[in-house]
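These notes concern the structure reproduced below.
Residue numbers start from 1 in every chain, and the chains themselves are labelled A, B, ... in the order their sequence lines are given, proteins ahead of strands.
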Amino acid sequence: MTVYVKYFASLRDRLGRAGDQVSVAETTTVAEIWATLWPEIALPSNTLAAVNMEYASLQQSVRDGDEVAFFPPVTGG
Amino acid sequence: MTVYVKYFASLRDRLGRAGDQVSVAETTTVAEIWATLWPEIALPSNTLAAVNMEYASLQQSVRDGDEVAFFPPVTGG
Amino acid sequence: MKIELRAEPFDPLAELQRHQVERLELKGRYGATAIFIGTMRDYSDRLSIGRMMLEHYPGMTERQLRKLVEIASQQWPLLDALVIHRVGELRPSDPIVLVAVWSAHRAEAFAACRSIMEELKSKAPFWKREDTAAGPRWVERNTPG
Amino acid sequence: MKIELRAEPFDPLAELQRHQVERLELKGRYGATAIFIGTMRDYSDRLSIGRMMLEHYPGMTERQLRKLVEIASQQWPLLDALVIHRVGELRPSDPIVLVAVWSAHRAEAFAACRSIMEELKSKAPFWKREDTAAGPRWVERNTPG
């Protein structure tokens, strides 16, 4: 299945790109998507994740076509 | 000594006037001023008092020329 | 810091605009503005209200307002504060009170604005007399904050 | 209830004026308006700031803002709420965020306004990058409320 990945703010700057498209097996979790894309970069511990624009845990499974986002702590307001 | 007394809001309406001028002995307290002026009306228990525009207890002594005020709980804002 | 009583209707947003223009030197220094506007409702305890008289104690009211804003300014690092309170005859939807504070960060702005309102409600000598459908009545106490 | 993102500078007081004119049917029903305005300061951690970029996650930001205002509306009896947040390039003294709530009584207005701001700060996906005298830097975390 295909998953669309987005990175924001300092994390995007560090990775050097704003997103990825990745093919993974069914029942893949958010954490496994990161590990597939960035095997040599540990996910920074304060990173937040979202699936389809809702906050998600790293253990959440994703589905075909989902949009997964990784970003640092938010600093609005 | 002479003390100037003011009443406000529902208390003034009930007493039928906005103030009094009263001659009392030295070391008279706020409570005694009320009792002198209104011997037949017990001071309503929620009445607030001020001496020279600062909140005062009923036990506070007043001085010659002081302005003493009695009024119900405040309801501004 | 500015404290005013007004005998005529006032527009809180226009007052804020005017006040900020007078304090241009603060621009860029404050990160937080907390504002409270109290407005006359057209009902109270299920009775329709047509008019309200706001009585005060000239002299003491101003003094107590100034004192409570000064206490808040000592408690929190405020850059500025503005309090305007109506007196006299009000109609429903007329603004009654405006409290605004400016500070570097939001925590102190929220806390000071709320504290000034609560202190004002419990200490500033104002009294409301409502003209209800069932006749005039003095408001006996403020609702807890 | 209205939630908006703005890519250009906005005037919070003018927005409030406009919004209230659109909601004239609420006049006389609300007794309390609590407002918070967050403004860009010209300094941060003792460094002078000349410019700030406010990045967001289009789609998710609006969704999260709407959600947190809805949660506040379920928690307190609000008559109306307005949230406007800037995105894009800001200059010192530019407004960043406006949160306003209208309700019958002050306790719920204060509580809801503050809650919406705290939730926004911790959950709405915005990120600040400041251009300081020492170069650009991402703000790493918000100060506690």
Side-chain angles (χ1 to χ4, degrees), chain C residues 11-21 24-44 48-50 79 90-111 113-118 120-121 142-145, chain D residues 11-21 24-44 48-50 79 90-111 113-118 120-121 142-145:
Chain C
D11 176 344
L13 300 177
E15 298 285 347
L16 285 164
Q17 191 75 53
R18 210 166 7 246
H19 186 79
Q20 291 192 152
V21 168
L24 286 183
E25 75 278 9
L26 293 179
K27 283 192 90 168
R29 288 178 56 202
Y30 58 82
T33 309
I35 301 161
F36 180 83
I37 299 168
T39 311
M40 183 181 163
R41 289 180 299 136
D42 52 19
Y43 63 95
S44 173
S48 171
I49 311 290
L79 291 163
L90 283 83
R91 299 278 172 177
S93 88
D94 276 357
I96 300 170
V97 61
L98 165 67
V99 171
V101 300
W102 289 263
S103 63
H105 302 286
R106 75 189 183 286
E108 59 244 31
F110 273 121
C113 185
R114 169 126 210 192
S115 165
I116 289 170
M117 266 309 295
E118 297 314 312
L120 184 157
K121 285 254 176 192
N142 270 326
T143 52
Chain D
D11 176 345
L13 300 176
E15 298 285 347
L16 285 164
Q17 191 76 54
R18 211 165 7 245
H19 185 79
Q20 290 192 152
V21 168
L24 286 183
E25 74 280 7
L26 293 179
K27 282 191 92 168
R29 289 178 56 203
Y30 57 83
T33 310
I35 301 160
F36 180 84
I37 300 168
T39 311
M40 183 179 162
R41 289 180 298 134
D42 53 19
Y43 63 95
S44 174
S48 172
I49 311 290
L79 290 163
L90 283 83
R91 299 279 173 177
S93 89
D94 277 357
I96 299 169
V97 61
L98 164 68
V99 171
V101 300
W102 289 262
S103 63
H105 302 285
R106 74 187 185 287
E108 59 245 31
F110 273 121
C113 184
R114 169 127 210 192
S115 166
I116 288 170
M117 265 310 295
E118 298 314 311
L120 184 157
K121 284 253 173 193
N142 270 327
T143 52

May I have all residue pairs that pass salt bridge (charged side-chain N to carboxylate O under 4.0 Å, His left out) and include part of residues 32-43 of chain D, sequence neighbours excluded? none

From [X] [atom1] over to [Y] [atom2], what is the distance, rounded to the nearest 0.5 angstrom?
| X | Y | atom1 | atom2 | answer |
| --- | --- | --- | --- | --- |
| C:Leu16 | D:Leu16 | CG | CG | 9.0 Å |
| C:His19 | D:Leu13 | NE2 | CG | 11.5 Å |
| C:Phe36 | D:Thr33 | CZ | OG1 | 7.0 Å |

Minimum-distance pair of heavy atoms, taken over all atoms of D:Gly28 and C:Ser93: N-CB, 3.7 Å

So if I take each residue of residues 97-106 of chain D and look for any heavy atom under 4.5 Å from a heavy atom in chain C, which residues do I end up with? D:Ala104, D:His105, D:Arg106

Heavy-atom distance under 4.5 Å to chain C: side chain of D:Glu108, backbone, both or neither? neither

So for D:Asp11, is it side chain, backbone, both, or neither that comes closer than 4.5 Å to the heavy atoms of chain C? side chain

For chain C, which of [options] has the most heavy-atom pairs under 4.5 Å?
| options | value |
| --- | --- |
| D:Ala109, D:Ala32, D:Pro92 | D:Ala32 |
| D:Ala14, D:Pro95, D:Ala107 | D:Ala107 |
| D:Ile35, D:Thr143, D:Ile49 | D:Ile35 |

Of all of C:Glu118, C:Met117, C:Arg91, C:Met40, which one pairs up most often with chain D through heavy atoms under 4.5 Å apart? C:Glu118

Which one of C:Pro12, C:Ala34, C:Cys113, C:Gly31 has the most heavy-atom pairs closer than 4.5 Å to chain D?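 Most pairs with chain D among the choices: C:Gly31.
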
